[in-house]
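First the proteins, then the strands, lettered A, B, ... as listed; each starts at 1. This one's a predicted model, so the numbers in the text were calculated from it and none came from an experiment.
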Amino acid sequence: MSNEKIRVRIAPSPSGNLHVGTARTALFNYLFAKKMGGEYVLRIEDTDLDRSSEAFKQNIFDSLKALGLNWDEGPDVGGEYGPYKQSERFDIYPKFAQMLIDKGYAYECFCSNEDLDKEHEIAEANKVPYKYSRKCLNLTEEERAKLKAQGIKPSIRFKVDYKELVFNDLVKGELKFDTSLIGDFAIMKSNGTPTYNFAVVIDDMLMKISHVIRGEDHISNTPKQILIYEALGAKVPEFGHLGMILAPDRSKLSKRHGATAVSDFIKQGYLTEALLNFVALLGWAPSDAQEIKNVDEIAADFRIHEVSSSNSIFEYEKLNWMNGQYIKKMDISKLTDLALPFLSKYDTSKYSREKLEKIIEVTREPITLLADLENDTQYFFENPIYDEVKEILEGEVARAVLPKFLEELKTWDFDNHEEIHDKLGDIRTFFKENNGYKPKETMWAIRSALTGRTRGADMVATIQILGKDEIIKRLENLI
RNA sequence: GCCCCCAUCGUCUAGAGGCCUAGGACAACACCCUUUCACGGUGUAGACAGCGAUUCGAAUUCGCUUGGGGGUACCA
C-alpha cells in the first residue's frame, strides 16, 4: 500500500434505522480517514430489495449528518466512483460474475431452494458441517442449455479450492483460515442480483477502497471476499475488524434493550456530541486521561491499531453522565434551540427568547437528558403542582414565612440579582433568630410555594424569571 | 456440531516481561462545599477467569480449560 490514496467507506444497508453500532463503525472510519488524510465514502447496500426502504435510507442520512459524520462521496453528494447505491449498480455485477465464469473461478448453479434445503438437512442429520455438494460444478454445456430452456434461472457460485489463507487484520493481527471449510458460495442470485459478499468486493474494488473497517461479525466473510479479489486479480484492501457493542446482558444490542437507533437517542434527549464521544470510548482510549473530547480532538489522537479488539457493553450510566457534561457546557443559545422541542407541551411564547434561555440556563445543571427539562421547567410555564409539598405549605414555617415574604418582595427590585439574594438572606436570618427556623426550612417554604417542589433551580434566578406579578399571584392563592 | 474472535474493578478502559503493593473514568459509598436538588472537591471500596509452561522475573509470551461473542444463506 505504497503511496496510494487512503479511502474508507461505510456501507449500511437501509433495512433499519441507523444503529449505534453502525454509527460507531462510521465514526471509526471517519476518524481513520481524518487522521490519515483520506477520503470517506458512504455507500448504501440495498441489494435486498424486500428489506430495504426509502425511509430507513433517509434515517441513515439524517442520523449520520446529525452526528457530524459527513461523507466525501455518497448517493446524495455524488463522486467520481458512483453510483453509490447498489441498487443502481445492478448492471455492473453480472459482467464481473461472467468474467469469473470465463476464467473458471465460478459456475452456474441450477439447484433449487428445495434442493439446497435438502442438502442442509442431510448435513445436519449426519452432524457434518454443511458445504455445497458441487452438484452443478461439472454440468456440460448441453445440460446447462437444457436447464435454461426449462426456464430455470441459475445462480452463480464461486468455486472455493483448498488454500491456507492468511491476512493481517488492522486491529486483530494475523488471522488464518482454512478455505476447504468454505463451500462454493453464491455470488449472484438466480434473480440476477448480487449477493452481499460479491457486491461488496466489486464495489470496494471499483471505488478504490484501501481500508475496510467494519464490525467483527464480518470476519468470516473476509476470506470469501479475499478469494474474490484474488480471482479478479484485484488488489486486496487492508481489513480492520472492530469488536461489537453488546447490551448489558451481553447479547446483541436490540430494541428490547431500549434505544438502538441514533434517532431514538436523539429523541430521548441525548446530544449527538455526547453520543459520539461515548461511543468512541467503546474500544478506544485517549492517550491522555481526558475522556471528554470532540471529534477533531479524537481524530488527532486516533490510532486504528490501538483500538481494542474485544467486545464492549453499552451501559447507560456513563453515557448519561457524559450527556450531562455536554449539556452543562453547551452554548446556551444552541442548547435552547435543542431544548425547545422537548418543551412543546407548554406555551413557550409567553416568555421572550432571552427569558427562555435563562430558564434553560438555570435548569440545565442537574439534568442528564434534554427530556428531563419538560418536568424540571414545568412551574415556569404552568401553575405549580402542590401535591408533593402539601405538608410543607400547611406547616407552621410556611404559614409564618410566606406572608412576610409576600409583603417584602413587593418592594424588591426584580432586576437586581444581588438585592434579591441579600433580602432572601435577611428573611432566613429573621426567622432563624425569631422562630428558630433553619435556613433550609425557610427556603423550602418559599420554594414550595413558588414551584411546588423542594428542589430545583437557583431560587434567586427562579424568582427573577417568574417575575413579581406572577409570584404575588401564586402566593396570594396560597395564603 | 464445525470454524473464527475475545477475556484487567459492576461497566468503559490504561497496561505492549521488571516502572504494577495494577492507573483513570462512570456507577456505589463517605465526607466537604451549599438556601434545595445538583455541580464541584476529597477520600473509601472494587479487577489481572482457572490451570500449566517459558523466564532470574508474567496482567503482559505460549498451551489447555472455562466463559462470552460472532459466523455457518440465492440476508446484509
* Structure fact -> The nucleotide from B:C4, B:G24, B:U35 with an atom nearest the side chain of A:Phe177 is B:C4
* To do: Pick the P atom in B:U11 and in B:A53, then give their distance to the nearest Å.
  => 30 Å
* Phosphate OP1/OP2 of B:C75: any A:Lys189 side-chain N/O under 4.0 Å -> yes
* Asked: Is the shortest side-chain N/O distance from A:His120 to OP1 or OP2 of B:A73 below 4.0 Å?
  -> yes
* Quick one: look up who B:C37 pairs with, Watson-Crick or G-U, both distances under 3.5 Å, and put none if it's unpaired. => none
* Counting any heavy atom closer than 4.0 Å, what does A:Arg453 reach on the DNA or RNA strands: base, sugar-phosphate only, or nothing? -> nothing
* Using the P atoms only, state how far B:C2 lies from B:C64, rounded to an integer number of Å. => 15 Å
* Asked: Say you pick atom P in B:C51 and the same atom in B:C4; how far apart are they, in whole Å?
  -> 26 Å
* To do: May I ask you to say what A:Gly243 touches in the nucleic acid, namely base, sugar-phosphate or nothing, with a heavy-atom cut-off under 4.0 Å?
  => nothing
* Asked: Which one, B:C2, B:A38, B:U13, comes nearest to the side chain of A:Ala285?
  -> B:U13
* Sticking with atom C1', work out how far B:A30 lies from B:C5, rounded to a whole angstrom. => 42 Å
* To do: Quote, to the nearest angstrom, the C1' distance that separates B:A7 from B:G50.
  => 12 Å
* Asked: Can you find an N or O donor on one side and an acceptor on the other, under 3.5 Å apart, linking the side chain of A:Ser190 with the base of B:C74?
  -> yes
* Asked: With a 4.0 Å cut-off on heavy atoms, is A:Lys252 in touch with a base, just the backbone sugar-phosphate, or nothing at all?
  -> sugar-phosphate
* What is the nucleic acid contact for A:Asn221, judged by heavy atoms within less than 4.0 Å: base, sugar-phosphate only, or nothing? -> base
* Taking the six-membered ring where the residue is Trp, are the ring centres of A:Tyr107 and A:Tyr105 under 6.0 Å apart? -> no
* Classify the nucleic acid contact of A:His421 as base, sugar-phosphate or nothing, counting any heavy atom under 4.0 Å across all strands shown. => base
* **A:Arg250, nearest nucleotide to its side chain (from B:C6, B:C75, B:U11)** => B:U11
* Decide if atom CD of A:Glu419 counts as having more than 12 heavy atoms of other residues, nucleotides or ligands within a radius under 6.0 Å. => yes
* Structure fact -> Which of B:C5, B:U35, B:U36 is nearest the side chain of A:Glu216? It is B:C5
* Asked: What is the distance, rounded to the nearest whole Å, between atom CD1 of A:Ile327 and atom P of B:A38?
  -> 17 Å
* To do: Tell me what A:Glu317 touches on the nucleic acid: a base, only sugar-phosphate, or nothing, going by heavy atoms under 4.0 Å.
  => sugar-phosphate
* Any idea which of B:U36, B:A27, B:C74 is nearest the A:Thr195 side chain? -> B:C74
* Asked: Do A:Phe314 and A:Phe278 have ring centres separated by under 6.0 Å?
  -> yes
* To do: Describe the nucleic acid contact of A:Asp50 in one word from base, sugar-phosphate, nothing, applying a heavy-atom distance below 4.0 Å.
  => nothing
* Asked: Rounding to the closest angstrom, what is the interatomic distance between B:U44 and B:U36 at atom P?
  -> 27 Å
* **Complementary nucleotide of B:G17, counting Watson-Crick and G-U pairs under 3.5 Å** => none
* Structure fact -> Testing B:C75, B:A7, B:C4 for proximity to the side chain of A:Ser310, the answer is B:A7
* If you look at every strand shown and take non-hydrogen atoms under 4.0 Å, does A:Ser155 touch a base, only sugar-phosphate, or nothing? -> base
* For A:Leu116, report the nucleic acid contact type (base, sugar-phosphate, nothing); a contact means any heavy atom under 4.0 Å. => base
* Under 4.0 Å between a side-chain N or O of A:Thr454 and OP1 or OP2 of B:C37? -> no
* **Nearest-nucleotide pick for A:Lys318, side chain only, options being B:G24, B:C75, B:G70** => B:G24
* In whole angstrom, what separates A:Ile219's CD1 from B:U72's P? -> 13 Å
* First of A:Tyr316 and A:Arg24 reached from the 5' end of RNA chain B, by closest nucleotide -> A:Arg24
* For nucleotides B:U8 and B:G57, find the distance between their P atoms and express it as a whole number of Å. => 26 Å
* Would you check if there is a donor-acceptor pair between the side chains of A:Glu119 and A:Tyr130 at a distance under 3.5 Å? => yes
* **Which nucleotide in B:A76, B:C37, B:C39 has an atom nearest any side-chain atom of A:Thr47** => B:A76
* To do: Remember a base hit wins even if backbone is also touched, and classify A:Gly425 as base, sugar-phosphate or nothing at under 4.0 Å, heavy atoms.
  => nothing
* With A:Arg428 as reference, evaluate A:Met443, A:Glu433, A:Lys438, A:Glu441 under the side-chain contact (heavy atoms from CB on, under 4.5 Å) test and give the passing residue. => A:Met443
* Can you name the closest pair of heavy atoms from A:Leu18 and A:Ala23 and give their distance? -> CD2-CB, 4.1 Å
* To do: Tell me the partner of B:G1, counting only Watson-Crick (N1-N3 plus N6-O4 or O6-N4) or G-U wobble (N1-O2 and O6-N3) with both under 3.5 Å; none if nothing fits.
  => B:U72
* Whole Å only: how far is the CG atom of A:Asn168 from the P atom of B:C5? -> 13 Å
* Asked: Roughly how many Å is it from CG in A:Asn375 to P in B:C37, rounded to a whole number?
  -> 17 Å
* Structure fact -> Applying the 3.5 Å cut-off to both distances, the Watson-Crick or G-U partner of B:C9 turns out to be none
* Partner nucleotide, any strand, of B:A28 [Watson-Crick/G-U, under 3.5 Å] -> B:U44
* Atom CG of A:Leu253 and atom P of B:G69: how far apart are they, to the nearest Å? -> 14 Å
* **Base-pairing mate for B:C64 - Watson-Crick or G-U, with both contacts under 3.5 Å** => B:G50
* Contact class for A:Cys109 vs. all strands (heavy atom < 4.0 Å): base, sugar-phosphate, or nothing? -> nothing
* Asked: Do you know the tightest heavy-atom contact between A:Glu365 and A:Lys328?
  -> O-NZ, 2.9 Å
* **Whole angstrom value for the distance that separates P of B:U35 from CZ of A:Phe405** => 17 Å
* Between A:Trp412 and A:Phe405, does the ring centre distance come in under 6.0 Å? -> yes
* So which nucleotide from B:C5, B:G70, B:A73 ends up closest to the side chain of A:Tyr130? -> B:A73
* To do: Write down the distance between CZ (A:Arg447) and C1' (B:A38), rounded to a whole number of angstrom.
  => 11 Å
* To do: Write down the distance between CG (A:Asp301) and C1' (B:U13), rounded to a whole number of angstrom.
  => 14 Å
* **Distance between P atoms of B:G40 and B:A25 (Å, rounded)** => 12 Å
* **Side-chain N,O (A:Gln325) to OP1/OP2 (B:G40) below 4.0 Å** => yes
* Please check if the distance between the ring centroids of A:His218 and A:Tyr196 is under 6.0 Å. => yes
* For A:Glu45, which contact category applies under a 4.0 Å heavy-atom criterion: base, sugar-phosphate, or nothing? -> sugar-phosphate
* To do: Could you pick out which residue, A:Gly456 or A:Phe185, lies toward the 5' side of RNA chain B when each is mapped onto its nearest nucleotide?
  => A:Gly456
* With ring centroids as reference points, do A:Tyr229 and A:Phe167 lie under 6.0 angstrom apart? -> no
* To do: Ignoring the backbone of A:Glu315, work out which of B:C4, B:U35, B:U11 is nearest its side chain.
  => B:U11
